[in-house]
Amino acid sequence: MLMGNNGILRQAGDAKVMTNLSKVDEAIKLYKSSLKVNKVVDEGSTEEVTIDDLIKNVVLKEYVIEETLRPIAVVEGYDKLNISDKFGEGYKNIEEKTIEGESTPYIGTVNELNNVCAIDLTDGTLYYLESGKVWSIEGKKEIANNYERVNAQEGEWTFDSTTKTLTGYLGDLTVARGEQEVGEVKVPNYYNGERVSALGNSVFASNTNLTKLTISKGIQSIRDNCFYGCSNLVGDLIIPDSIKTIGKYSFRECTGLTGSLDLGEVETIGQGAFQQCSKLTGDLIIPDSVKNLKNEVFFRCSGFKGRLKIGKGIDRIESLTFSGCSGLTGNLEIPEGISSIGNSAFGGCSKLTGDLIIPNSVTSIGSNAFNGCSSLDGQLKIGANVETIGEAAFQACSKLKGEVIIPDSVTTMGRYAFFHDSSLEKIYIGKGLTKIGQWNFLGCTRCKEVYIPQNITIIDDSAFSNLAAESIIYVQNSSQVELLEGKYTADNTTVIVDPSKFE
């Protein structure tokens, strides 16, 4: 490495030029290494100096940029630059300069690019600042992990430098602190010069003095029970894009949150993370980035009044995930790729409307999965690969209409499966079942036709009680007539043996 006469630090081996950005208020250390370099003292004279290890992040005007990025210099005496021709006609007034005969361009900003702040040394891509974010010039692609540097205030936090975790909060939330209002916390992303990666277990659990929360971008994880029971925390809850994991019960019973929920680009949401946050409102959007959505995550979040959008990243919907979200409205769309729907997953979502389509990727539907979804007013379509329908899975879905076809793939169906689905008109039993359980179709009061194939050898009590007046149950062979005795309301229903209906 050499320090040229013009004061630019450069690495001769790969002809990369690096120096400080004119926009940065204080000098940025580009390198911390044990390398020995020569610093120009005056013309013809140098002295050897030591520079520490290469730092992984460069701070540009309070922004932290990816480790491959280095700041761009406005070189004194030059107002033009050339990196490559790939930036096209819009950058014609950029020209190449050389250092001491080498074909290394100066890196500098020009008027047309006055927000340019960094270059990626791996491919020469330029980046610039706009609206508080860092973008690449090509395609205006945002650098996902740039963020404003927020330092911990002295004496407010405890920190584990091994795990880079804020483990405790020592501040007094009953008074204003610096720029923070009474009750306000701004979670920092730096502690004594070290990057913070996580907010630890139970740091604010049951802290009723916490009323306003800002989590700095750069934090990657919120651990278990972190804000459990912070019942006076109000407003929106915004999860920064940098956070990838939200631990179990992290925000459970934060009953004062009255705004919307923005989940950013989180990948894992732990059990009961937002359980009983009953006043969160608006849409509930699970981003495609979510790969793991554990059970009970939104249990009894009854305040959401908008639509539910389930991202395409998850492969199962666990037990009680959306149970009791009684304010959600609009159509329910279950993405293809979901393999199972857990017990009570959507139980009590009483304002969801439209069709209920179970995709072909689903193999099991848990007990009470849709129990009480009483406003679903379209058709029910069960995917061709479902094997198990749990007890009371569709109980009290009283507005589902038309026909329901239980596919041949279904081998197990629990009791009460379609109990009081009073708008269904036709029922077709698949060839994979051998048993119709107790009260499976009791109270389907508009159903006029039922089709039972010969594979059904057991029919439990009241399986078809209270069908529509003058309804008909078609069976494939005569032995099934005896099976049905006492299993339906005799004065409303006729049983007919008709093999042709099953061809």
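It should be emphasised that the depicted structure is a prediction, and the values quoted were computed from it without experimental measurement.
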I'd like to know if the side chain of Gln395 reaches the main chain of Ala392, judged simply by a donor and an acceptor atom lying under 3.5 Å from each other, with no hydrogens or angles considered. no
Please check if the side chain of Thr165 supplies one atom and the backbone of Gly200 the other of a donor-acceptor pair under 3.5 Å. no
Tell me whether Ser409 contacts the main-chain N or O of Ala384 through its side chain, where contact means a donor paired with an acceptor under 3.5 Å. yes
For Lys448, does the NZ atom sit with more than 12 other heavy atoms under 6.0 Å from it, leaving out its own atoms? yes
Partner set under side-chain contact (heavy atoms from CB on, under 4.5 Å) for Gln271, not counting sequence neighbours: Lys248, Tyr249, Lys294, Asn295, Glu296
From Asn151 CG over to Asn189 CG, what is the distance, rounded to the nearest 0.5 angstrom? 7.5 Å
Whether over 12 other heavy atoms sit under 6.0 Å from Lys291 NZ: yes
Below 4.5 Å, heavy atoms only, C-beta onward: do Leu308 and Leu332 meet side chain to side chain? yes
Within a reach of under 6.0 Å around CZ of Arg446, are more than 12 heavy atoms found that belong to other residues, nucleotides or ligands? no
Decide yes or no on side-chain contact (heavy atoms from CB on, under 4.5 Å) for Thr493 and Leu484, but give the supporting numbers first. CA-CA 11 Å; Thr493 303; Leu484 280 162; over 6 Å; no
Using a 6.0 Å cut-off, check whether atom CD of Glu333 has over 12 heavy atoms from anything other than its own residue. no
Ser221 backbone acceptor or donor facing Arg223 side chain under 3.5 Å: no
If we only count heavy atoms from C-beta on, is the Phe419 to Asn371 side-chain gap below 4.5 Å? no
Can you confirm whether more than 12 heavy atoms, excluding those of Lys381, are under 6.0 Å from its NZ atom? no
Keeping Asn343 on the side-chain end and Ser319 on the backbone end, is there a donor-acceptor pair under 3.5 Å? no
So, using side-chain contact (heavy atoms from CB on, under 4.5 Å) as the criterion, who are the partners of Asp498 when residues are at least two apart? Tyr474, Ile496, Ser500, Lys501
Checking Ser289 side chain against Val266 main chain: does a donor-acceptor pair fall under 3.5 Å? yes
With side-chain contact (heavy atoms from CB on, under 4.5 Å) as the test, would you mind laying out the steps for Tyr169 and Leu210 before giving the verdict? CA-CA 11 Å; Tyr169 183 74; Leu210 178 63; over 6 Å; no
Just wondering, more than 12 heavy atoms not from Lys309 lying within 6.0 Å of its NZ? yes
Give the intermediate values and the outcome of salt bridge (Lys or Arg N to Asp or Glu O under 4.0 Å) for residues Lys435 and Asp460. CA-CA 8 Å; Lys435 175 183 176 179; Asp460 282 345; 3.4 Å; yes
Less than 4.5 Å apart, side chain to side chain, heavy atoms only: is that true for Ile341 and Ile358? yes
State the CZ-CD distance between Arg300 and Gln275, to the nearest 0.5 angstrom. 7.5 Å
Considering all heavy atoms of both residues, which atom of Lys399 and which atom of Ser375 are nearest to each other, and what is their separation? CD-CA, 4.2 Å
Return the set of residues passing ring-ring contact (aromatic ring centres under 6.0 Å, His included) with Phe299 (not counting sequence neighbours), or none when no residue passes. none
Any Asp421 side-chain heavy atom under 4.5 Å of Leu380 side chain: no
Identify the two heavy atoms, one from Gln153 and one from Gln180, that lie closest to each other, and give their separation to 0.1 Å. NE2-NE2, 3.0 Å
Rounded to the nearest 0.5 Å, what's the gap from CD1 on Ile357 to CD1 on Ile334? Could you check? 9.0 Å
Is a donor from one side chain sitting under 3.5 angstrom from an acceptor on the other, for Ser422 and Ser398? no
What's the spacing between Ile456 CD1 and Ser479 OG if we round to 0.5 Å? 11.5 Å
Strictly distance-based, threshold 3.5 Å: is any side-chain N or O of Asp172 a donor or acceptor partner for the main-chain N or O of Arg177? no
Side chain Asp288, main chain Gly311, donor-acceptor under 3.5 Å: no
Report yes if some heavy atom in the side chain of Lys279 is under 4.5 Å from a heavy atom in the side chain of Leu257; otherwise report no. no
Could you report the tightest heavy-atom contact between Lys217 and Asp241, atom names first, then the distance? CE-CB, 4.3 Å
Do Thr434 and Ile458 make a side-chain contact, defined as non-hydrogen atoms from C-beta onward lying under 4.5 Å apart? no
Would you call the rings of Phe441 and Phe418 parallel, tilted or perpendicular, where under 30° means parallel and over 60° means perpendicular? parallel
Distance from Leu483 atom CG to Ile436 atom CD1, nearest 0.5 Å? 9.0 Å
Donor-acceptor contact below 3.5 Å, side chain Asn368 vs main chain Ala393: no
Is the number of heavy atoms from other residues, nucleotides or ligands within 6.0 Å of NZ (Lys244) greater than 12? yes
Non-neighbouring partners of Lys305 that pass side-chain contact (heavy atoms from CB on, under 4.5 Å), sequence neighbours left out: Thr281
Filter on ring pair (Phe, Tyr, Trp, His ring centres under 6.0 Å), then keep only pairs touching residues 325-377, sequence neighbours left out; what's left? Phe322-Phe346, Phe346-Phe370, Phe370-Phe394
For Ser260, give me all partners under side-chain contact (heavy atoms from CB on, under 4.5 Å), at least two apart in sequence or on another chain. Asp236
After noting the C-alpha distance and the side-chain angles of Leu400 and Ser423, does the key distance pass the side-chain contact (heavy atoms from CB on, under 4.5 Å) rule? CA-CA 6 Å; Leu400 284 173; Ser423 296; 5.9 Å; no
Asn360 side chain to Gly383 backbone, donor-acceptor under 3.5 Å: no
Could you walk me through whether Ser326 and Ser350 pass the side chain to side chain donor-acceptor pair (under 3.5 Å) test, one step at a time? CA-CA 5 Å; Ser326 55; Ser350 56; 5.2 Å; no
Considering only heavy atoms from C-beta outward, does the side chain of Cys325 approach that of Cys301 to under 4.5 Å? yes
Is any side-chain heavy atom of Val203 closer than 4.5 Å to a side-chain heavy atom of Leu166? no
Atom CG of Leu293 and atom CD1 of Ile246: how far apart are they, to the nearest 0.5 Å? 10.0 Å
Per side chain to side chain donor-acceptor pair (under 3.5 Å), Thr167 is matched among Asp160, Thr158, Asn201 by Thr158
As a test of understanding, state which of Phe227, Tyr228, Phe298 forms a ring pair (Phe, Tyr, Trp, His ring centres under 6.0 Å) with Phe251. Phe227
To check you understand the geometry: which heavy-atom pair defines the closest contact between Cys230 and Phe204, and what is its length? SG-O, 3.0 Å
Heavy-atom closest pair, residues Tyr416 and Glu391: CD1-CG, 3.9 Å
Evaluate side-chain contact (heavy atoms from CB on, under 4.5 Å) for Arg195 paired with Tyr190, printing each intermediate quantity in order. CA-CA 5 Å; Arg195 289 181 63 178; Tyr190 268 77; 3.0 Å; yes
